[in-house]
Amino acid sequence: MTAFLILVSVLATAALSAVFGMAGGLILMGVLAALLPVASAMFVHGILQGVSNGWRAFLLRDYLLWRTIVWYAAGAIAAALVLAGVSVVLSRPLLFIVLGLVPLLVWLPRRHLHLDFTCPVHAVLCGFLVTGLNVIAGVAGPLLDVFAQNVDADRRAVVATKAATQLAAHLVKIVYYLPLVLDQGLGLPVWVLAAAIPLSVAGTMAGARVLDVMSDTHFRRWTKRLVTAIGAVYVIRGLILLAG
């Protein structure tokens with residue numbers, strides 16, 4: 001049953017991420033955190049979301065904002081160097097609460113926070129903060145969206161560039177949790193992970209078709225609503241775990 005839930009979640013969340021550029025990773029992290037030890041959940045999530053984001057970036061490669069990606073990578077490398085000197089693994093209740101609070105970042109008002117990851121300085125800051133949060137909480141899509149919401153570009157350029165930057169963040173997360181996984185074990189059969197990878201690719205391709213027919217207005221509106229609803233569920237879940 002655990003294997004079945006993970007595989008179905010991978011397919012569905014990859015499709016969801018291909019449409020909105022996030023949300024899918026947030027849901028998948030919650031599923032994995034409920035079924036696996038935290039370190040294993042982070043590691044598996046990094047691999048699956050890395051594949052999903054990498055394939056999404058490849059499918060939309062003609063829309064990639066390469067200048068942003070280069071500056072983002074500089075910030076991500078800086079975050080990786082800082083994280084190399086510390087070890088942070090959240091408890092399961094705290095992880096769910098943090099996961100639930102992260103989506104609130106998409107509601108930060110544009111008029112007071114003019115962040116734009118096409119600006120080199122903002123891109124470096126984005127790389128540093130998003131990579132750090134992704135390693136600690138498992139996901140950072142809503143924070144990334146704070147830097148993407150003011151971008152004057154086609155929705156496909158936004159989704160493609162976010163996918164490429166998230167791939168970098170997930171690679172850092174994989175390396176960070178690898179020693180713990182080698183010490184504690186993966187927490188699930190290797191064949192499940194192997195089977196999940198092509199499902200992630202299939203879900204990404206299906207979601208990309210939906211993105212093509214969605215308007216920019218609906219894309220931005222439903223992204224906020226979706227991640228906020230997911231966040232509320234996670235906060236409640238975390239509080240229940242703390243109380244229990």
Side-chain angles (χ1 to χ4, degrees), residues 1-56 89-103 134-142 163 166-167 169-170 173-174 177-178 180-182 184-208 210 222-223 225-244:
M1 182 57 69
T2 297
F4 176 77
L5 288 174
I6 290 176
L7 293 177
V8 170
S9 297
V10 167
L11 178 64
T13 56
L16 195 60
S17 286
V19 177
F20 295 106
M22 58 176 174
L26 192 61
I27 295 174
L28 182 60
M29 187 67 239
V31 172
L32 294 174
L35 299 174
L36 302 174
V38 172
S40 296
M42 291 287 193
F43 182 78
V44 172
H45 184 268
I47 291 177
L48 297 179
Q49 283 294 290
V51 171
S52 177
N53 280 281
W55 187 247
R56 184 158 66 253
V89 181
L90 300 179
S91 66
R92 183 174 279 108
L94 187 56
L95 175 59
F96 272 106
I97 292 173
V98 173
L99 283 174
L101 294 177
V102 169
N134 192 56
V135 169
I136 295 171
V139 295
Q166 286 293 77
L167 170 59
H170 288 304
K173 183 169 64 178
I174 291 169
Y177 285 99
L178 178 59
L180 288 174
V181 171
L182 292 176
Q184 302 171 6
L186 187 59
L188 80 166
V190 176
W191 71 263
V192 177
L193 185 58
I197 290 175
L199 288 177
S200 181
V201 173
T204 299
M205 294 178 68
V210 177
W222 283 104
T223 296
R225 292 177 179 177
L226 184 60
V227 298
T228 301
I230 297 167
V233 172
Y234 283 170
V235 169
I236 293 172
R237 169 68 171 162
L239 292 174
I240 291 174
L241 288 173
L242 277 178

Between the CH2 atom in Trp55 and the CD1 atom in Ile197, the distance rounded to the nearest 0.5 Å is 13.5 Å
Nearest heavy-atom contact between Val135 and Tyr177 is O-OH, 2.7 Å
- Mark yes or no for whether Ser9, through its side chain, and Leu5, through its backbone, hold a donor-acceptor pair below 3.5 Å. yes
Shortest non-hydrogen pair, Ser40 vs Val181, comes out as CA-CG2, 4.2 Å
Applying ring pair (Phe, Tyr, Trp, His ring centres under 6.0 Å) to Tyr234 and not counting sequence neighbours gives Phe96
Minimal heavy-atom distance between Gly50 and Leu167, with the atoms involved, is O-CD1, 3.3 Å
Can you list the steps and then say if Asn53 with Thr204 is a side-chain contact (heavy atoms from CB on, under 4.5 Å)?
CA-CA 8 Å; Asn53 280 281; Thr204 299; over 6 Å; no
Rounded to the nearest 0.5 angstrom, the CG-CG distance for Leu11 and Leu16 is 11.5 Å
Separation between CG (Leu36) and OG1 (Thr2), nearest 0.5 Å, reads 7.5 Å
Output for pair (Gln49 CD, Arg56 CZ), nearest 0.5 Å, gives 7.0 Å
Nearest heavy-atom contact between Gly46 and His170 is O-CB, 3.6 Å
Taken to the nearest 0.5 Å, the spacing of Ser91 OG from Leu242 CG works out to 6.5 Å
Paired with Lys173, the side chain to side chain contact (heavy atoms under 4.5 Å, CB included) test is passed by just one of Ile136, Leu178, Asn134, namely Asn134
Pro198 and Ala194 have their tightest heavy-atom pair at CD-O, 3.0 Å
Next on the checklist: Between Arg92 (side chain only) and Ala33 (backbone N and O only), is there a donor and an acceptor less than 3.5 Å apart?
Outcome noted: yes
d(Leu48 CG, Leu199 CG) to nearest 0.5 Å is 9.5 Å
Looking only at heavy atoms, the pair that brings Ile97 and Val235 closest together is O-CG2, 4.0 Å
Legend entry - Step-by-step side-chain contact (heavy atoms from CB on, under 4.5 Å) determination, Met42 to Val89: CA-CA 9 Å; Met42 291 287 193; Val89 181; over 6 Å; no
